[in-house]
There are 2 protein chains.
Amino acid sequence: MRKTNNLLELDGIDKKILRHLMEDARKPILEIARKIGISGAAIHQRLRKLESTGVISGSKFVINPRVLGYTTMAYIGIYLDRAMSNPRAVGDLKKIPEVLECHYTTGNWSILIKVLCMDNEHLMQVLNKKIQAIEGVSRTETFISLDQQIDRQISI
Amino acid sequence: MRKTNNLLELDGIDKKILRHLMEDARKPILEIARKIGISGAAIHQRLRKLESTGVISGSKFVINPRVLGYTTMAYIGIYLDRAMSNPRAVGDLKKIPEVLECHYTTGNWSILIKVLCMDNEHLMQVLNKKIQAIEGVSRTETFISLDQQIDRQISI
DNA sequence: GGTGAAACTCTACACAG
DNA sequence: CTGTGTAGAGTTTCACC
């Protein structure tokens, strides 16, 4: 790992380690070590450095919501009244568990959110009873994701 | 774990295990075991079952793109010509590494994608040289995410 | 569904080039 | 600095309840 222009550049070994762990966070370090031809301890040291510099921001188990009955995913563009402070609306959105992402965006909307619901009826309730109830929300535009074909991280 | 109406329901122990591992995929199983009051082997059995039933679809190290110089995230709504087959366009999008997500959506667009670029100039190049070059793409609408305040998984 | 034990792996630490 | 070896803790599989 090198620092150039206040920007981190990973070397080949860092990239190989990360490519393995981005696919499977519990892949044995020693298995990766054998493939790369380096000791397990060396990988651990590199991982600690990657964590401390913020390259790695954590690790997650990924849950498949479909199996648990969550079949409707949607993006919702939200128009906020000009007087409304966005941070407060975001605070209200955080309290809605169906809201998985929230972005301040350029363009028509003030905010673009991603929601995950059991079905379309559930989505309708979230829209009408939870999102429209937030102070400052004037109008929304909903885009249901019928199918997600790509879902990946940055390639390194 | 129980199956009701062809839909899986997690019991309290499954939920506790998953809540820990969704936060940190490398959290020691024995640490979780001690908190829950169960053996490590029992957690392993439950995890294997959660994997085989598809509740767990994998695990990931999460990379912070900002540290590597990727500072511009955007959503792009894509209009496709009516004659254009969506699967072919998706195939082309898969080849563009800056495209992280791709959804077929209801509403104005045929496709909504999420892209991650180094900066606005990079985004412009991706738009003009890569996305507009795809056969069938007639028009795009871009929404730059100025700030992402919520990023989480389904709560269980 | 659960346990305990054996073999393997993780992780921290001391130290070498 | 980035690497290695080692020891104690943790993981994972297995036979068994």
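All of these numbers come straight from a predicted model, not from anything done at the bench. The figures here come from the full heavy-atom set of this structure, side chains too, leaving out hydrogens, waters and symmetry mates. First the proteins, then the strands, lettered A, B, ... as listed; each starts at 1.
- Here D/dT11 presents its P atom at 17 Å from CD of A/E31, a figure rounded to the nearest Å.
- Note: CG (A/L30) to P (C/dT9) measures 6 Å, nearest angstrom.
- Across the protein-nucleic acid pair, B/L21 atom CG and D/dT12 atom P stand 10 Å apart, rounded to whole Å.
- Between the CG atom of A/L47 and the P atom of C/dT11 there is a distance of 8 Å, rounded to whole Å.
- The distance from atom CD1 of A/I29 to atom P of D/dT12 is 12 Å, rounded to the nearest whole Å.
- With a 4.5 Å cut-off on side-chain heavy atoms, B/I56 and A/V62 do not count as touching.
- Side-chain N/O atoms of A/R34 include one lying less than 4.0 angstrom from OP1 or OP2 on C/dT9.
- Considering NZ of B/K94 and CZ of A/R152, their distance stands at 8.5 Å, rounded to 0.5 Å.
- OP1 or OP2 of D/dT2 has at least one side-chain nitrogen or oxygen of A/K49 nearer than 4.0 Å.
- Taking atom CZ of residue A/R46 and atom P of nucleotide C/dA12, one finds them 17 Å apart after rounding to whole Å.
- No option in B/R2, B/K49, B/R46 other than B/R46 meets the side chain to side chain donor-acceptor pair (under 3.5 Å) test with B/D14.
- Note on A/I131: it does not cluster hydrophobically with A/W109, by side-chain heavy-atom contacts below 4.5 Å among ILVMFWY residues.
- One can find a donor-acceptor pair under 3.5 Å joining the base of C/dG2 and the side-chain atoms of B/Q45.
- Phosphate contact (OP1/OP2 of D/dT12, side-chain N/O of A/R26, threshold under 4.0 Å): present.
- B/H103 and A/F143 have their aromatic ring centers separated by at least 6.0 angstrom.
- Between A/P28 and A/A42, the one whose closest nucleotide on DNA chain D sits nearer the 5' end is A/A42.
- In this structure, B/H44 places its NE2 atom 16 Å from P of C/dC8, rounding to the nearest Å.
- Where A/I13 and B/R48 meet DNA chain D, the nucleotide closest to each residue was compared, and A/I13 sits on the side nearer the 5' end.
- Taking atom CG of residue A/D11 and atom C1' of nucleotide D/dC1, one finds them 13 Å apart after rounding to whole Å.
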